[in-house]
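For reference, the structure discussed in these notes is given below.
All figures in this text were calculated on a predicted structure; none of them were measured in a lab.
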Amino acid sequence: MNRSQWDRLLIGSGAIVACLAIAISMVALLTPLALPPEDSAEVMPDATRVEPSQALPSSPRPGPSRAQLEQLAALDLRQPLQPAAKTVTAATSAQLNLQLVGTVMEGDQSAALLQGQDGVVQICVVGQSVEIAGATVVVTQVDWGSVRLLHAGTPVELSLPVAPEQGEP
């Protein structure tokens, strides 16, 4: 940019700033100010005024007891607060005669493809109770490559079978 371009830029910027200052001044002058009345007793009728003696007493909320605080202080925070769910051994999942053949992850919806011993594949979503190969299971969680089921109150985790690497028989 040469000197004449800089001069025009500065003059144009100055004109814009001056116009904004004038606009702000006009808005400030034309906007009425709401001032509080000199004596609020004149504005408020006697029936709505509350005397300090009539005010409701404020009672503090009761906090936790000393025993509860000591119990919380004794917690080992390095450990999980809830015990982890026990996973069932492979023998129990084999007794179900179920195999996970796929998972579908679509936004907040997820589904598991479960195949029974009879070869029938069912699409199961989280929370669904389904009967496959004579076993009634409830799908509790679907992750990439695994599904957690609840069978007779016992958690069972099924995983996708690991595909052999190329070159292996």
Do [X] and [Y] belong together in a cluster built from hydrophobic side chains that touch within less than 4.5 Å?
X      : Y      : answer
Leu113 : Trp144 : no
Val104 : Val139 : no
Leu98  : Val130 : yes
Val125 : Val137 : no

Of the non-hydrogen atoms in [X] and [Y], which two are nearest, and what is the gap between them?
X      : Y      : answer
Ala111 : Ile123 : CB-CG2, 3.9 Å
Gly145 : Thr103 : N-OG1, 3.5 Å
Leu100 : Ala112 : CD1-CB, 3.9 Å
Ser129 : Thr136 : OG-CG2, 3.6 Å

Given the options Val142, Leu158, Val138, Leu149 meets side chain to side chain contact (heavy atoms under 4.5 Å, CB included) only with Leu158

Kindly indicate, with the supporting measurements, whether the criterion side-chain contact (heavy atoms from CB on, under 4.5 Å) is fulfilled by Val126 and Ser110.
-> CA-CA 7 Å; Val126 175; Ser110 53; 3.8 Å; yes

Of all residues at least two apart in sequence or in a different chain, which pass the side chain to side chain donor-acceptor pair (under 3.5 Å) check with Glu70?
->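 For Glu70 the side chain to side chain donor-acceptor pair (under 3.5 Å) partners, ignoring immediate neighbours, are Arg66.
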
Can I get a per-line list of side-chain donor-acceptor pairs under 3.5 Å for residues 3-29, giving both atom names and the distance, sequence neighbours left out?
{"unit_1": "Ser4", "atom_1": "OG", "unit_2": "Asn2", "atom_2": "OD1", "d": "3.0"}
{"unit_1": "Gln5", "atom_1": "OE1", "unit_2": "Asn2", "atom_2": "N", "d": "3.1"}
{"unit_1": "Ser13", "atom_1": "OG", "unit_2": "Leu9", "atom_2": "O", "d": "2.9"}
{"unit_1": "Ser25", "atom_1": "OG", "unit_2": "Ala21", "atom_2": "O", "d": "2.9"}

Using a 4.5 Å cut-off on heavy atoms from C-beta on, say whether the side chain of Val147 contacts that of Leu114.
-> yes

Decide yes or no for Arg148 and Pro155: does some side-chain heavy atom of the first lie under 4.5 Å from some side-chain heavy atom of the second?
-> no

Gln128 CD: over 12 foreign heavy atoms closer than 6.0 Å | yes

Give a yes or no answer on whether the side chain of Gln68 reaches the backbone of Ser65 with a donor-acceptor pair at less than 3.5 Å.
->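 Side chain of Gln68 to backbone of Ser65: a pair is present.
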
Residues Asp143, Gln141; criterion side-chain contact (heavy atoms from CB on, under 4.5 Å); working and verdict = CA-CA 7 Å; Asp143 293 320; Gln141 183 178 356; 3.1 Å; yes

